[in-house]
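Numbering of residues begins at 1 and proceeds along the displayed sequence. For the numbers below, each heavy atom of this structure counts, side chains included, while hydrogens, waters and symmetry mates do not.
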Amino acid sequence: MALAMRFRELTRPGDIRGRLGGGEFAIFLPQAPNALVQQIGARLSEGIHVVADLDVMGITVSIGASVTDGSEPFGRTMRLADDALVDAKRDGPSRIIVSTNERAA
């Protein structure tokens, strides 16, 4: 719930936020420029702090993002984001990797 609230705080009203499964979530930022994607991703990658029963738990977030001009098929855009996520996880916790549609065919 803390992660969902943080997503809501950092995104615009028309953005779409959802859980893909397990510990994977997605945020669709229609017509968002690369700079906004980077800004939101950087703020999310700072982590989430959850307070429960006076204990503070930190949650790290690795982020893979794909920025396209909208001409790419949705599946390819998701694959690029997933590839970027794999790279972010490999590089360590609290990372964001943003790919563009030039990354892979």
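Looking only at distances, no side-chain donor or acceptor of Ser45 sits under 3.5 Å from a matching main-chain atom of Ile96. Between the Arg95 side chain and the Asp91 main chain, a donor and an acceptor come within less than 3.5 Å of each other.
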Requested in this report: Step by step, work out the side chain to side chain contact (heavy atoms under 4.5 Å, CB included) result for Leu29 and Ile27.
Outcome: CA-CA 6 Å; Leu29 306 167; Ile27 302 173; 3.5 Å; yes

Query raised in the report: Between Phe7 and Leu44, does a side chain to side chain contact (heavy atoms under 4.5 Å, CB included) hold up when you go through it step by step?
Result: CA-CA 8 Å; Phe7 285 173; Leu44 279 172; 3.6 Å; yes

Query - Ile63/Ile97 under side chain to side chain contact (heavy atoms under 4.5 Å, CB included): CA gap, chis, key distance, verdict - result: CA-CA 6 Å; Ile63 300 167; Ile97 304 284; over 6 Å; no

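Sorted by first then second residue, the salt bridge (charged side-chain N to carboxylate O under 4.0 Å, His left out) pairs that include residues 12-21, not counting sequence neighbours, are Arg12-Asp15.
Hydrophobic clustering of Ile, Leu, Val, Met, Phe, Trp and Tyr side chains at less than 4.5 Å, counting indirect connections, unites Val67 with Leu10. Hydrophobic clustering (side-chain heavy atoms under 4.5 Å, transitive across Ile, Leu, Val, Met, Phe, Trp, Tyr) groups Val37 together with Val61. Tracing side-chain contacts under 4.5 Å through hydrophobic residues (I, L, V, M, F, W, Y), one reaches Leu20 starting from Phe74; they form part of the same cluster.
Counting non-hydrogen atoms of other residues, nucleotides and ligands closer than 6.0 Å to CD of Gln31 gives a total of 12 or fewer.
Looking only at side-chain heavy atoms (C-beta outward), Leu85 and Glu24 come within less than 4.5 Å of each other. With a 4.5 Å cut-off on side-chain heavy atoms, Glu9 and Arg43 do not count as touching. Looking at Asp83 and Ser99, their side chains never come closer than 4.5 Å, going by heavy atoms from C-beta outward.
Look at Asp82 and Arg79 and you find no salt bridge, because none of the NZ, NE, NH1 or NH2 atoms lies under 4.0 Å from a carboxylate O.
Across every non-hydrogen atom of Ser62 and Pro93, the tightest pair is OG-CA, 4.2 Å.
In this structure, the separation between OG1 on Thr11 and CZ on Phe28 is 13.0 Å, given to the nearest 0.5 Å.
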